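A short write-up of the structure that comes next.
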Amino acid sequence: MPELPEVETIKRQLHDRVVSKRIKSVFFHPDFGNTLKFRNKKDIENLLPGKEITDIQRCGKYLIFNLSNSNYLVVHLKIYGRLVINPRFTPPKDHVHRFSLILEDEQTLRLFDKSSLADVLLMSSQDLKNIQSRVGPDPFDLTQEEFHQRIMAALQTKIKEALLNQGIISGIGNIYVDESLYKARISPFRKSATISKDESNSLLEAITEALEQGIRNRGTSIESYYDAFGFPGENQKYLKVYGRQGQPCFNCQNPIILTEIGGRRTYYCSFCQPESQLSLF
DNA sequence: CAATCAACCTGGGTGC
DNA sequence: TGCACCCAGGTTGATT
């Protein structure tokens with residue numbers, strides 16, 4: 001589910017409800033995670049009660065709760081994770097309740113996950129620095145020049161795979177990458193180093209627009225994502241290629257193609273996003 | 001080195 | 001009804 005716009009939406013919605021609040025207790029559902037996570041689980045149960053959440057931030061697709069003892073509770077929702085505060089409904093049966101964080105004012109933050117891939121980790125400042133150094137810059141923080149440099153460095157890697165690589169640029173996932181490439185009219189199959197400066201400029205602009213639109217619409221809800229209040233986002237109504245296989249391209253009316261790149265489903269228009277620049281003529 | 005693949009999980013869907 | 005298999009918006013680590 002969650003890419004940058006979804007995590008950013010959750011961060012903004014949670015901010016006023018959790019920042020400056022003290023944690024009363026935490027609870028892990030017995031089905032949470034594997035043995036590796038179990039070790040961290042004990043730390044979280046032991047160390048969190050009594051600590052204050054001093055801030056909430058986002059690093060790529062990671063959501064980070066700053067705690068009063070200079071530790072950080074780091075959440076990654078992976079594919080199906082949902083983080084919901086004060087749900088007033090019974091969550092869908094297929095999403096298992098994995099974790100709860102109860103605040104001093106009795107608000108409850110719950111993590112639901114259909115699989116159990118989502119991570120809840122307790123980190124020191126050093127751990128967090130290691131994460132932050134592995135995660136590339138936010139698209140919103142990049143100049144055209146920096147973006148182009150990073151794309152060029154990906155050499156023979158297909159541009160779609162480069163954009164999905166969180167170390168090159170962070171926050172873009174499988175939906176927004178297809179939307180951005182379509183908007184910039186660049187084939188997802190193009191080798192990164194063949195992207196011209198002009199193309200890279202339009203690509204960064206397309207990425208920025210696609211992500212900002214996603215944030216404005218509180219995220220894209222296709223099969224799993226809900227915002228922090230338990231409501232679906234609206235951005236799925238405005239997607240231009242993702243999920244539109246066989247339907248006419250909004251620009252040229254040719255059918256949108258569904259294929260596979262790097263093991264991920266990939267939607268594109270083979271006319272508007274030609275793989276070879278020669279086919280433009 | 002870069003590209004590919006399997007693994008991590010599990011609910012749901014499909015097809016036999 | 002059962003079962004084997006495939007799929008998923010992500011990430012990582014091993015293999016070719």
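Throughout, protein chains are lettered first and strands after them, A, B, ... in sequence-line order, and every chain is numbered starting at 1. Since we're looking at a predicted model, the values are computed, not measured.
Using a 4.0 Å cut-off, no side-chain N or O of A:Ser115 falls inside it from OP1 or OP2 of C:dA8. Distances shorter than 4.0 Å separate none of the side-chain N or O atoms of A:Arg265 from OP1 or OP2 on C:dC7.
Distance CG (A:Leu77) to C1' (B:dC9): 15 Å, rounded to an integer number of Å. Regarding A:Asp94, its CG atom lies at a distance of 19 Å from the P atom of B:dC9, rounded to whole Å. The nearest whole Å value for the distance from the NE2 atom in A:His29 to the P atom in B:dC9 is 16 Å. If you take NE2 of A:His95 and P of B:dT10, they are 14 Å apart, rounded to a whole angstrom. In this structure, the CG atom of A:Leu258 is 11 Å from the P atom of C:dC7, given to the nearest Å.
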Find every protein N or O atom lying less than 3.5 Å from an N or O atom of nucleotides 13-15 of chain B, and list the pairs.
none

N/O to N/O distances under 3.5 Å, protein versus nucleotides 11-16 of chain C:
{"unit_1": "C:dT11", "atom_1": "OP1", "unit_2": "A:His76", "atom_2": "NE2", "d": "2.9"}
{"unit_1": "C:dT11", "atom_1": "OP2", "unit_2": "A:Lys61", "atom_2": "NZ", "d": "2.9"}
{"unit_1": "C:dT12", "atom_1": "OP1", "unit_2": "A:Arg134", "atom_2": "NH2", "d": "2.9"}

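With no hydrogens or angles considered, no side-chain donor-acceptor pair links A:Gln236 and A:Tyr225 at under 3.5 Å.
Side-chain proximity of A:Lys114 to B:dC8, B:dG11, B:dA3: nearest is B:dG11. Counting only heavy atoms from C-beta on, A:Gln156 has its side chain closest to B:dA2 among B:dT10, B:dC8, B:dA2. Looking at the side chain of A:Ile79, the nearest of the listed nucleotides B:dT4, C:dA8, B:dA2 is C:dA8.
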Watson-Crick and G-U pairing of DNA chain C, under 3.5 Å, as dot-bracket with | and [ ]: .|||||||.|||||||
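Side chain of A:Asp178 to main chain of A:Tyr267: a donor-acceptor pair is present (N/O by atom type, distance under 3.5 Å, no hydrogens or angles).
Nucleic acid contact class of A:Tyr176 (heavy atoms, under 4.0 Å, all strands): none.
Comparing the same atom, C1', in B:dC8 and in C:dC3 gives a spacing of 23 Å after rounding to whole Å.
A tilted orientation is assigned to the rings of A:Phe112 and A:His97, their planes being inclined by 30° to 60°.
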